[in-house]
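Here is the structure we will look at, set down as structure tokens.
Atom set for the values below is all heavy atoms of this structure, side chains included, hydrogens, waters and symmetry mates excluded.
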Amino acid sequence: MRFPWRIRPEGLEVRVRVTPKGGRDAIDGVEALSDGKPVLKVRVRAAPEDGAANEGVRRLLAKALRLPASAVSLEAGATARLKTFLIAGEGEALARDIAALTGR
């Protein structure tokens, strides 16, 4: 399986499948969608209302990677379960860090 992230000049692009109202804030690893594309599975306590779940994911990714929340931004999928986030920084190092978090 490929990785659910891609290194870009400005940082790391990460494809995420979000489970809002998931009972806890956690990164649950990597899974393949029905089309074979890999995604990072993330659950957050927040409900998908007024951007609360998006903000929960943004803060969870930042905390897990030991970055300020301002380093993580939502690029696509504001109202969808499948989202794309951009994590600003050195892409190679971020890819290593997120791979370690997911056991990949």
Side-chain angles (χ1 to χ4, degrees):
M1 182 191 305
R2 299 180 320 264
F3 297 109
W5 52 81
R6 182 169 65 99
I7 296 171
R8 294 187 5 195
E10 62 272 29
L12 191 70
E13 176 185 292
V14 183
R15 290 180 307 277
V16 177
R17 185 180 63 81
V18 179
T19 302
K21 295 182 5 181
R24 60 189 167 92
D25 294 340
I27 296 172
D28 290 337
V30 175
E31 76 173 7
L33 298 175
S34 59
D35 63 3
K37 290 183 182 172
V39 291
L40 186 67
K41 293 188 328 180
V42 174
R43 68 179 61 230
V44 292
R45 285 184 279 241
E49 297 166 358
D50 301 322
N54 293 336
E55 182 64 14
V57 173
R58 191 173 78 87
R59 290 187 178 278
L60 174 64
L61 290 173
K63 182 178 178 182
L65 294 167
R66 298 175 307 281
L67 297 170
S70 61
V72 181
S73 59
L74 178 65
E75 285 221 314
T79 60
R81 276 179 64 123
L82 297 176
K83 302 177 184 301
T84 303
F85 284 87
L86 178 63
I87 305 169
E90 204 282 295
E92 300 261 343
L94 290 168
R96 279 192 302 273
D97 290 347
I98 205 163
L101 288 173
T102 63
R104 302 200 45 102

If you take all heavy atoms of [X] and [Y], which pair is closest and at what distance?
X	Y	value
A52	A46	O-CB, 3.6 Å
A53	P48	CB-CA, 4.0 Å
P20	A47	CB-C, 4.5 Å
E13	T84	CG-CG2, 3.4 Å
L86	G11	CD1-C, 4.4 Å
R43	G22	NH1-O, 3.1 Å

Between [atom1] of [X] and [atom2] of [Y], what distance do you get to the nearest 0.5 Å?
X	Y	atom1	atom2	answer
R24	R45	CZ	CZ	10.0 Å
I87	W5	CD1	CH2	10.0 Å
I27	L60	CD1	CG	4.5 Å

Between [X] and [Y] (side chain of the first, backbone of the second, donor and acceptor by atom type, cut-off under 3.5 Å), is there such a pair?
X	Y	result
R15	F3	yes
K83	V16	no
R58	A69	yes

Is there side-chain contact between [X] and [Y], with heavy atoms separated by less than 4.5 Å?
X	Y	answer
R81	V18	no
E31	P4	no
E92	I7	yes

Completion exercise
Tested for side-chain contact (heavy atoms from CB on, under 4.5 Å) against L61, the lone hit among L40, L67, L101 is L40
Handout entry: Qualifying residue, where the test is side-chain contact (heavy atoms from CB on, under 4.5 Å) with V42 and the options are D28, V57, V14, D25
Key = V57
Exercise for the section: Carefully, step by step, assess L12 and D97 under the rule side chain to side chain contact (heavy atoms under 4.5 Å, CB included). Expected result: CA-CA 11 Å; L12 191 70; D97 290 347; over 6 Å; no
